[in-house]
Engineer: 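Structure below; questions to follow.
Numbers for residues simply follow the sequence, beginning at 1. Both ligands and their constituent atoms are indexed starting at 1 by order of listing.
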Amino acid sequence: MRFITYNSRNYRDIEYMNYLPEEAKKEIDIVSSVIPFKTNNYVTDYLIDWENYQQDPIYTLNFPKKEMLTADQYERMLKVKDGRHSELEIKKTIYNIRMEMNPHPAQQMTNVPVLDGEELTGAQHKYRDIILFFPSQGQTCHAHCTFCFRWPQFTKDLDLKFSMREINKIIEYIRRNEDINEILFTGGDPMVMSPSELTKYVDALLESGVKNLENIRFGTKSISYWPFTYLPEFNPEANDILQLFRKITDSGFHLSLMGHFNHPNELDNEVVQQAIHNIRETGAEIRTQSPIIKHINDNSNDWARMWKTQVRLGMIPYYMFVERETGPYDYFSIPLAEVYQIYQQAIRESGSFAKTVTGPVMSADKGKVHILGVVDSPIDGNKYFMMQYARHRDYRKTFKPFFMHYHPKATWVDQLSEASIGTPAVASSVNDHNVEM
Ligand SMILES: *Cc1c(COP(=O)(O)O)cnc(C)c1O
Ligand code: SF4
């Protein structure tokens with residue numbers, strides 16, 4: 001199968017676009033000038049039910065919709081694209097709307113490692129034992145998710161790209177920081193790289209002989225968005241990828257693909273199941289993660305079906321994330337109280353092997369905040385969220401439960417106030433409170 005991508009300009013080439021009324025196409029044109037839009041023929045042919053596209057979760061995952069902008073933003077965009085405004089005015093409006101959408105959640109740019117005075121801008125070192133590497137050829141995806149918190153990386157005019165080619169500097173940094181035992185290739189999606197590009201990076205790691213490096217991860221949506229990456233009968237390059245995975249595990253590393261799946265429909269067809277099988281045959285593990293997102297997977301049945309199917313296919317459920325405060329956040333966000341209920345119901349129904357999942361988790365400034373439960377205190381009769389850091393910048397602060405005052409509408413931890421003796425049981429619901437434990 002040939003790999004055809006459709007961006008905001010050429011998506012009208014998709015055969016199924018005939019189903020869409022002109023009004024919907026216009027919405028796509030308007031909204032996709034703000035939210036990066038890219039899809040491909042696997043997503044449109046295998047994953048979307050075009051008869052019911054308006055309700056289809058994968059359509060919403062991939063295609064920009066009017067409601068993803070505020071009414072005001074949509075109007076401004078519509079007006080400036082009426083044919084009577086200059087390119088510059090259009091660009092300005094796009095830029096301003098993007099800036100209203102919180103393009104830097106959780107201070108991504110503050111974790112850049114430094115080697116001999118040089119900032120390694122293609123990497124992030126936030127947690128003691130793991131470094132993130134953003135290979136420059138992997139800073140796109142086979143298709144783009146409408147909710148993506150890395151969306152600024154896909155736009156040309158925001159100066160937020162971080163990536164670099166010099167793996168050798170990263171290797172030297174790992175060598176000098178003995179606590180690091182793991183490297184995570186991320187993006188975008190590192191699996192959009194050609195096998196030869198990926199092999200170059202991996203060989204450098206394998207040949208470096210850095211003793212403290214034990215685990216290699218690839219964060220990827222490719223299993224769901226382009227499974228042909230792992231299917232030699234469709235794509236001859238797949239053999240090179242599978243052989244590379246085999247080489248990594250044969251060299252004594254633990255290799256894990258961090259597979260991004262948002263909905264059980266992504267796991268239904270034979271192509272994706274064969275891809276999962278082929279990956280696992282190389283000795284690699286597949287761990288799965290996804291945010292919980294309104295209009296896409298905001299019910300426990302979808303999660304239970306997703307986790308059960310993942311387990312049956314040999315994958316390991318790993319993280320359930322809370323959607324970050326960025327992009328079309330109003331459209332996608334769900335109150336934490338509701339998120340927790342969905343999680344609780346889903347995990348009860350999912351069986352033994354789904355218990356490996358950590359969730360729900362918020363990736364916040366200081367670390368990953370894990371919601372452990374909603375507690376009715378037998379002591380003061382008030383309701384609390386019990387939480388802990390599953391990851392903290394300072395590892396000594398991990399796995400130490402604490403309480404936050406409950407609020408039914410809060411969508412992020414910084415809208416809650418910390419519970420301690422003497423604090424009033426009201427949510428501050430302002431962005432000035434950061435949890436520090
Ligand atoms: C989530 C994350 C990791 C990986 O954390 P795990 O809990 O090991 O999956 C590493 N670095 C950053 C910056 C992260 O956000
Ligand atoms: S696959 Fe991941 S990085 Fe790529 S668009 Fe989707 S959420 Fe963003």
Engineer: Within the supplied structure, the quantity of interest is the number of heavy atoms (other residues, nucleotides, ligands) at a distance under 6.0 Å from Phe353 CZ; does it exceed 12?
Structural biologist: no

Engineer: Can an N or O of Lys126 be found at a distance shorter than 3.5 Å from an N or O of ligand 1?
Structural biologist: no

Engineer: Report the residues that fulfil salt bridge (Lys or Arg N to Asp or Glu O under 4.0 Å) with Asp13, sequence neighbours left out, ordered by chain and then residue number.
Structural biologist: none

Engineer: When you measure from the heavy atoms of Leu184 to every atom of ligand 1, does any distance fall below 4.0 Å?
Structural biologist: no

Engineer: For Cys148, counting its heavy atoms only, list the atoms of ligand 2 lying under 4.0 Å from any of them.
Structural biologist: 3 (S), 5 (S), 7 (S), 8 (Fe)

Engineer: State whether a side-chain donor-acceptor pair under 3.5 Å links Thr44 with Tyr11.
Structural biologist: no

Engineer: So that I can check it, does any N, O or S atom in Cys145 come closer than 2.8 Å to atom 8 (Fe) of ligand 2?
Structural biologist: no

Engineer: For Gly187 and ligand 2, answer yes if some heavy atom of the residue is under 4.0 Å from a ligand atom, otherwise no.
Structural biologist: no

Engineer: Under 4.0 Å from a heavy atom of Gly188: give me the atoms of ligand 2 that qualify, with their elements.
Structural biologist: 3 (S)

Engineer: Considering only heavy atoms, which of Lys368, Arg393, Arg391 lies nearest to atom 2 (C) of ligand 1?
Structural biologist: Lys368

Engineer: Would you mind telling me which of Ile241, Asp240, Asn239 makes a side chain to side chain contact (heavy atoms under 4.5 Å, CB included) with Pro232?
Structural biologist: Asn239

Engineer: Does any N, O or S atom of Cys141, backbone or side chain, fall under 2.8 Å from atom 4 (Fe) of ligand 2?
Structural biologist: yes

Engineer: Judged on heavy-atom distance to atom 8 (O) of ligand 1, which of Arg217, Arg287, Glu182 sits nearest?
Structural biologist: Arg217

Engineer: Under 3.5 Å, is there a donor-acceptor pair linking the side chains of Thr5 and Asn40?
Structural biologist: no

Engineer: Can you see whether Tyr74 has Lys66 sitting over its ring - NZ or CZ less than 6.0 Å from the centre and within 45° of the normal?
Structural biologist: yes

Engineer: Between ligand 1 and Gln124, is the shortest N or O to N or O distance under 3.5 Å?
Structural biologist: no

Engineer: Between Tyr127, Tyr319, Phe321, flag the one that comes closest to atom 7 (O) of ligand 1 by a heavy atom.
Structural biologist: Tyr319

